Amino acid sequence: MKELNERKLIEITPKSPYNFDATVFKPSYYPDYTKSYEKGKYWFVLNINNKIYGIKMENIGSIKKPKIKLAIFSKYKLPSGEIEKIIEELNYRFEFKRDISEFFEKFKEDKILSPFLKRWYGMHSSCAQNLYELLMIGIFLQNTVVKRTVQMTNVMLEKYGTKVKFDNKEVYSFWNPKDMINVPEDELRSLKVGYRAKLFIKLSKTFVEEKIDEFELRKLQVDKAKEKLLKLYGVGPETARILLQESLHHYNLFEHVASWQQKILSHLLFNKKLVPTEKIIEYVNKNWEKWAVLAVHYIWEDIFWQRKQGKKIEWLDKEIRL
DNA sequence: CATCAGGGCCCTG
DNA sequence: CAGGGCCCTGAT
């Protein structure tokens, strides 16, 4: 356990509109020990280049006049240069400075989208994890159901992650690539992660040896970034999609729909049981163009939010396979 | 009890 | 380009 007692307070003013709760908390994501959320407040461990900080963000503004109180927790007092880096990184991961007002302007009269835009006005995509951490999550998601994903994630966090305490919260941070490269495959397999054991080790080696630079990846056009990601062992179209959308924040590449998503989107967009994925992809791109991914995100999170509120949505419960 | 497919991906033929 | 194998789990 690591305790971080040094605290630095800073105010952040995101670009308006910015919907704090809808951006930091996504009802469609699976729960794990790496974060803590309550309305208007979010805690997690920030890992930048294998250095960790405790982060608490608190909403003290509104959607139109956003303001966030940021507390950075560390073991020792941080030099100002390091604090600037942390803020810059948070700007990227939570899109504090990204202007998406064009999206609302363009689609405010859109037949399908407009009610969702009203309900979730100012919501961005966001990602508390770095690229490696989200890749680990992507592997946990592969070829299984939510319950097992949660189980594998938490058991691995307990064994290889670090428990971090700050602001009276305890959350886990992921292991770093170098911590995983010498772990025997059998040891991982005993944690019931199956074929993923090999992937964790192999991917970690790739990150250590070839020094995959997520900061370089961020600068690439979406097609180039995708090409690079697909070269990683164990990363196919679906895992690449997750990384491109969430970690690298690309809103314009909508070209892959997994079969469980296909069922849900068929319902939401066409009110039908099953529409061919090509049709879905064509429809989404035609309607929402370079905002395709964000548009679907609005519709997607809305239904998961309703479900979280206790609304019974039978067809959905069946498709998400808890 | 046994069987089977799943919030993919790799490899083979 | 189709299809088998990978792991474990819970549904049937």
Side-chain angles (χ1 to χ4, degrees), chain A residues 26-32 34 125 127 129 131-160 180 183-207 212 225-247 253-269 273-278 280-281 284 293 296-297 299-308 313-322:
Chain A
K26 307 292 185 189
S28 78
Y29 290 9
Y30 75 89
D32 59 44
T34 67
S125 150
C127 183
Q129 295 84 15
L131 186 74
Y132 175 81
E133 294 172 307
L134 187 64
L135 176 56
M136 297 299 106
I137 290 174
I139 305 299
F140 286 127
L141 285 166
Q142 286 180 4
N143 200 30
T144 190
V145 292
V146 176
K147 188 173 174 189
R148 190 163 167 229
T149 294
V150 172
Q151 146 79 15
M152 289 188 288
T153 306
N154 289 337
V155 98
M156 290 267 295
L157 283 173
E158 279 170 8
K159 182 134 184 162
Y160 306 107
M180 190 54 58
V183 175
E185 192 178 323
D186 288 353
E187 187 178 308
L188 292 181
R189 279 178 179 270
S190 73
L191 302 177
K192 302 179 177 179
V193 299
Y195 73 92
R196 297 170 193 79
K198 186 170 132 192
L199 302 194
F200 291 129
I201 296 166
K202 217 165 169 168
L203 286 166
S204 299
K205 282 194 174 133
T206 304
F207 269 72
I212 297 272
K226 181 176 177 183
E227 228 173 84
K228 288 220 160 190
L229 292 172
L230 286 175
K231 285 194 183 134
L232 295 168
Y233 187 87
V235 174
E238 175 61 7
T239 308
R241 181 197 64 78
I242 294 171
L243 296 171
L244 289 170
Q245 292 187 8
E246 293 176 22
S247 192
L253 189 78
F254 188 87
E255 60 178 23
H256 183 259
V257 177
S259 69
W260 70 283
Q261 299 158 351
Q262 177 191 8
K263 294 169 196 161
I264 295 174
L265 288 177
S266 297
H267 261 283
L268 293 176
L269 297 175
K273 256 192 127 90
L274 204 60
V275 176
T277 55
E278 306 82 57
I280 296 174
I281 290 165
V284 166
V293 171
V296 171
H297 184 63
I299 298 169
W300 190 263
E301 291 303 321
D302 184 76
I303 192 82
F304 278 89
W305 182 80
Q306 289 183 44
R307 183 173 166 280
K308 192 148 201 111
I313 309 163
E314 275 166 38
W315 61 266
L316 181 63
D317 285 342
K318 214 175 83 206
E319 302 305 358
I320 56 181
R321 305 188 50 83
L322 301 165

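These numbers were taken from a predicted model, which means no experiment stands behind them. Note: hydrogens, waters and symmetry copies are ignored here, and every other heavy atom, side chains too, is used. Per chain, numbering begins at 1; letters A, B, ... match sequence-line order.
C/dA2 sits 23 Å from B/dG7 when the C1' atoms are compared, rounded to a whole Å. Comparing the same atom, P, in B/dT12 and in C/dC7 gives a spacing of 15 Å after rounding to whole Å.
OP1 or OP2 of B/dG8 has not a single side-chain nitrogen or oxygen of A/T144 nearer than 4.0 Å. Using a 4.0 Å cut-off, some side-chain N or O of A/K192 falls inside it from OP1 or OP2 of C/dT9. Taking side-chain N and O atoms only, A/K198 has no distance below 4.0 Å to OP1 or OP2 of C/dC6.
Residue-to-nucleotide proximity on DNA chain B shows that, of A/Q261 and A/Y233, the 5′-proximal contact is made by A/Q261. Nearest-nucleotide assignment on DNA chain B puts the 5′-proximal partner with A/Y29, out of A/V235 and A/Y29.
Between the CZ atom of A/R196 and the P atom of C/dG5 there is a distance of 18 Å, given to the nearest Å. Atom C1' of nucleotide B/dG6 and atom NZ of A/K263 are separated by 9 Å, given to the nearest angstrom. For the pair A/L188 CG and C/dC7 P, the computed distance is 12 Å after rounding to whole Å. For the pair A/K231 NZ and B/dC10 P, the interatomic distance rounds to 14 Å; values are reported in whole Å. The interatomic distance linking A/I139 (CD1) with B/dG8 (P) rounds to 12 Å, in whole Å. Going from atom CE of A/M152 over to atom P of B/dG6 covers 16 Å, rounded to whole Å.
In a base pair of the Watson-Crick type (N1 to N3 plus N6-O4 or O6-N4) or a G-U wobble (N1-O2 and O6-N3), with each distance short of 3.5 Å, B/dG7 is matched with no nucleotide.
Remark: the A/R148 side chain and the C/dC7 base include a donor-acceptor N/O pair separated by less than 3.5 Å.
Ring-plane geometry between A/W260 and A/W300 is classed as perpendicular, the angle between the planes exceeding 60 degrees on a 0 to 90 degree scale with a lower cut at 30.
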Would A/K226 and A/E255 count as a salt bridge (charged side-chain N to carboxylate O under 4.0 Å, His left out) if you check the C-alpha gap in whole Å, the side-chain angles of each, and the deciding distance to 0.1 Å? CA-CA 11 Å; A/K226 181 176 177 183; A/E255 60 178 23; 2.2 Å; yes
Assess whether side-chain contact (heavy atoms from CB on, under 4.5 Å) is satisfied between A/E238 and A/Q261, documenting all intermediate values. CA-CA 11 Å; A/E238 175 61 7; A/Q261 299 158 351; 2.9 Å; yes
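Residue A/L232 is in sugar-phosphate contact alone, with no base atom involved, counting any heavy-atom pair closer than 4.0 Å across all strands shown. Note on A/T239: only backbone sugar-phosphate atoms sit closer than 4.0 angstrom, heavy atoms only; bases stay farther off.
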